[in-house]
Every structure is written in structure tokens, then in C-alpha cells.
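Report on the structure given below.
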There are 2 protein chains.
Amino acid sequence: MPLAPLFRPIDVAPAYQKVADAIEREIVNGRIKPGDPIGTEHDLVRQFGVNRSTIREGIRVLEEGGLIRRDSSRRLHACLPRYRQLASRLSRALVLHEVTFRELYEASMTLEVASIEGAVERGTGENLAELADNLARSEAVVGDPAMLAECDAEFHVLIAKASQNRVLQLAREPAAQLFYPTTEMIVTGVAEGGPRLVAAHRHLIDAIRHRDREAGVLWTRRHLQDWRRGFEKIASLDRSVEHMYMEHAQAARRR
Amino acid sequence: MPLAPLFRPIDVAPAYQKVADAIEREIVNGRIKPGDPIGTEHDLVRQFGVNRSTIREGIRVLEEGGLIRRDSSRRLHACLPRYRQLASRLSRALVLHEVTFRELYEASMTLEVASIEGAVERGTGENLAELADNLARSEAVVGDPAMLAECDAEFHVLIAKASQNRVLQLAREPAAQLFYPTTEMIVTGVAEGGPRLVAAHRHLIDAIRHRDREAGVLWTRRHLQDWRRGFEKIASLDRSVEHMYMEHAQAARRR
DNA sequence: TTCTGTCCCTTGTCCGACAAAGTTAGAGCT
DNA sequence: AGCTCTAACTTTGTCGGACAAGGGACAGAA
């Protein structure tokens, strides 16, 4: 007969983890504000009373989590995690889980429609100006698939931003990052792709300007259906997302 | 006149970052499969030709990203990033960006409705069994707010799972993690909260069983509106999400 | 067979060291 | 005085070596 449990397991986290947790707590609690400097490694060695190697391992954890960064002079300071950086982790996870383009398409349909609804309802003049600027740049590069795909990605980020809902902004980002590389392929492969894409963007901006929700939803759906039709000329929707994402994700990390 | 560019900028990432990138590439490319052992630190020292401290810093980066784990005996192996773990990073970011409950509510309305639609359309018998099991456990703890809140969180994870859309599963998770702590408060504060919550769950399961999309959407909306009404008795929707998340997030990390 | 002691290996941590790059302070010049 | 340029000083990234704690394997004892 097994012994009755008498003791609870003790929490024995390694020291580097405790260091990371302690600093994280201070940041999330707000005692260290984004932008505030964390001391030098030597300072932290003194404060925590552990070796510099241990401190450095803890710092790596926080750095990867986006909670602290090193500025140009490599000094440490707290910072607000960037959605894009975090989303690239998620995109990577989606690739590893071998999600299909069908899942990506379906989820994006939901998320992008929600974004445009928010944008139509709450988009500001400033949002419209950014979108118009993006549109102008898109029109200028309509013949260059790579540039156009980049503009398209930015356009939808701006739509999400115009929704004024940061949760939505964050939620759509992982799927969007996986879309991005395919857009270039599609615009390259389908002759009508570029102009249709730009036209859809124009209609979306109009919808926001006139606060015309129906039009916004309609054109978002069409825009995505265009993507889908274009994609199906190249591959099956049930293929899983693959390596194509890699180059883009790693390049984005460097920035 | 400036010289014509003759050389490309050299990649001057620190060694620990290169180590992390190299291992990440192998995992994402699929040459290292989830579950495969990475060598010991000493192996990696030999392979990369750098110091063990450097290897260890690289490992911390990958560990935080969820790409590798240490098993019970602390040996390294590749693994599939868990959505929950990644989502907790995102939740933390949302807290730091001081998103409001209104944003959380609006985004969740979209995401949960999409989840139930998928679940109604594609939910399997196994999904239903898991949901039914969850419902039974919920009914048993209807008087215990903490346990009930936990069941509620799990219920909605199961709904998302039943949608068979992993992108959606992932996208809803960050917002859901921030909801969780408030559910307990609400069920505690509102007498009718517990029974109403369980009733809604029952209706949702029925909707999936009968593939009744209208009912699924209807009860999801009601369920969320209940949350909202309950929350507004406690605080304003425009308050930003705060520390309340911390205890839960850190506890989840340990698992 | 099951328990226990021992050995080897791995990890977590520490110490000390050094080159490169950035920072600061002061000397020197206008 | 104000500016520039150089020389210390700091800080980071990396290295080598070291050691204790703890898991796994294996042999021997009950």
C-alpha cells in the first residue's frame, strides 16, 4: 500500500529561472516601466547574489519573451513586447503543427471580417490617412509581386489597427504572417491578381470612410476569396503550411 | 561620390543566437522531429565548437520559445510548442499594453462564435464525449467558483478543439486566458451565475450534437453577454486588464 | 525479486579571464 | 569658453576550468 501523501512537492526552480521570474514580476507589476533601464549584468550579479552566467541565462529568457531588450549600446531596458515578434513564435508553432491552408483561410475570414467591422465603426482620420498612403504605395508597385505582397500585409495590419482593438490585432497576426509569403506567389502566378488586390483595398478604404459596414464585409470576403481562388490554382487548400514561412520569419526577427 | 557597394553586410549575430537559430532551423525543417533528443550540452559544445556557457544561453532561448524541453531527467529534446504556453506570453503582452475588457469582450465574441460554428459543423463524437465529461464535472462543482471557472475555461478550449481549426484554437487562447480569472470573480459575486453558466454549456453541447448552428451561435452570444453583465456589476468594461492575471499565468507556466 | 550502494554522466552554478565595442573624462587646440 | 580627439574605464560576449547535486545503470545484498 502506498504511503499517504504527507508532503507537497517543493518548488525548486533553477536560479536563472528565479532571476527571470523576479525581473518579469517587476515589469508586469509596473514597478519597472517600459523603457526603464534594468541595471548592468554586474548590477544584477550584486543584487541577486548569483554568478554572471546565471544572470545571463535569465536575461536570455526575458529577451526571448520580448520583455527586455538591449538598445544600440547593448544596455538592458524593459520594453513592451511587440506583437509582431510574439506572433512570429506563434506562426512557427502553427507550421510545426502542420496546420492546413484551409484552417488558415477559415480563421482569417473570421478575423479579417471582425477587423473591418471594427475599422468601419471606429476608424479615425489618421487611420484613413495611413491606409490611403499604403494604397498609393501599392499602386506604385502593382507590377512587383514581392513589394505588393509586403504592402498587402501592411494594409491588413493597418485595418486591424483601425479597429482600435488590440486583442484582435494580436489574434490575427499569426495567421497573417503565414499568409504573407503566399500572396507573393499568387500575385506572381495570376495575371489579374495585382490589380484586383489593389481594387479591393480601395473599396475597403471607401467602406471605412463612409462607415459602410456591409461594403466592408463584402469586400473583405471577396478579397479573401480571391486569395483562395488564386491559391487553389497553385496548390490544395488542404496542404499544410511549410518551409516557405521560414525565410520571412527569420528575416523579421533580425529587425 | 560613394563607392559602389561591393560587399553585403555580414551577419554579426552573437554566437548564442546563431546556435539557437541553427537548432531552430533543424527543428522547423523537420530534420529534428518533435520528441527527438538533442544531444547533451557537451555534444553541442563539440558540434558547434563554442563554449558551454554559449550553448546554454542558446538553449534558454529555444526553451523559452517552446521548441525544446528538458524531460524528467533534464535531457534535451525537441518538442511541439504548446499553444497554452505561447499564449501566456501573449496574455502577458496584452496586460502590459493595458488592453481593456471591452477589447477582450469584443474579440472573444468573434472568436468564440467562430469556434462554435466550426464545432457545430465538424465536431466529432469524441469531442462531444469530452464536452459531456466536462459538463458533468462542472455540475458537480457548481457551488465552487474557483473550480467552476477552471471547468469553464476548459469547456471553451474543448469547443475550440471541436472546431478542428488549430489556427482558431491558437488565436482565441490569449484572450481566453485573460477571461479566466474574471469568471471566478463573477460566479462568486452573482448568485445566478453558476447555474446559468452550466445551462449555457448544456445548450451548446446540444447545439453541436444536433448540428444546430443557429442555437450554437445564440447560446454563445448569451453566454458571453452573461459574462459581460456579471462583469459590469463589478467593474467598468473600459478598465484595463491588470495584475489579476499574474498568479494564474505564473502557475500555468510551472506545469 | 526487490532494495541499496556505487560509479559515471549531465546539469546548474561558480570563478576568473580577456578581447571588442561602447562610454566617459580629460588633455589639447582653436 | 567651446570643440575635438585621445586615453582610460565599463560592459558585454566568449572562453576555460571547476565542483556539487542528482539521475541512470549496474552490481551486490536481503
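Just so we're clear, the structure is a prediction, and the values are computed from it rather than from any experiment. Residue numbers begin at 1 in each chain, while the letters A, B, ... track the order of the sequences.
Here C:dT10 presents its C1' atom at 12 Å from CG of B:Leu44, a figure rounded to the nearest Å. In this structure, B:Asp71 atom CG and D:dG22 atom P are separated by 17 Å, rounded to whole Å. For the pair B:Phe48 CZ and D:dT14 P, the computed distance is 13 Å after rounding to whole Å. Residue A:Lys18 contributes atom NZ, which lies 14 Å from atom P of C:dG12 at whole-angstrom precision. Atom pair B:His42:NE2 and C:dC8:P shows a separation of 16 Å (rounding to whole Å applied). In this entry the distance linking CD1 of B:Ile55 with P of D:dG13 reads 16 Å, nearest Å.
We find that A:Lys18 and A:Asp21 are not joined by a salt bridge, their nearest charged nitrogen and carboxylate oxygen being 4.0 Å or further apart. Using a cutoff of 4.0 Å between basic side-chain nitrogens and carboxylate oxygens, A:Glu98 and B:Lys33 are not scored as salt-bridged.
Under the salt bridge (charged side-chain N to carboxylate O under 4.0 Å, His left out) criterion, A:Asp144 pairs with no residue, sequence neighbours left out. Partners of A:Val157 by side chain to side chain contact (heavy atoms under 4.5 Å, CB included), not counting sequence neighbours, listed by chain and number: A:Arg84, A:Arg172, A:Glu173. Applying the salt bridge (charged side-chain N to carboxylate O under 4.0 Å, His left out) test to A:Glu154 and every residue at least two apart in sequence or in another chain returns A:Arg137. Under the salt bridge (charged side-chain N to carboxylate O under 4.0 Å, His left out) criterion, B:Glu26 pairs with B:Arg31, not counting sequence neighbours. Take B:Arg60 and apply the salt bridge (charged side-chain N to carboxylate O under 4.0 Å, His left out) test, not counting sequence neighbours, and it matches A:Glu57, B:Glu63.
At least one side-chain nitrogen or oxygen of B:Arg70 sits closer than 4.0 Å to the OP1 or OP2 atom of C:dT11. Under 4.0 angstrom from either OP1 or OP2 of C:dG12 there lies at least one side-chain N or O belonging to B:Arg60. In this structure, A:Arg56 reaches the D:dG13 phosphate: one of its side-chain N or O atoms is under 4.0 Å from OP1 or OP2.
Across the interface with DNA chain C, nearest-nucleotide mapping of B:Asp43 and A:Glu57 shows B:Asp43 to be the residue nearer the 5′ end. In this structure, B:Glu63 and A:Arg75 both approach DNA chain C, and ranking their closest nucleotides by distance from the 5' end singles out B:Glu63.
Checked against D:dT14, C:dT11, D:dT12, the side chain of B:Glu41 finds its nearest nucleotide in C:dT11. If you check D:dT11, C:dT11, C:dT13 against the side chain of A:Tyr16, the one that comes closest is C:dT13.
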Checklist entry - When you check every protein heavy atom under 4.0 Å of nucleotides 14-20 of chain C, what one-letter string (B, S, -) results, 5' to 3'? => result BB-B---
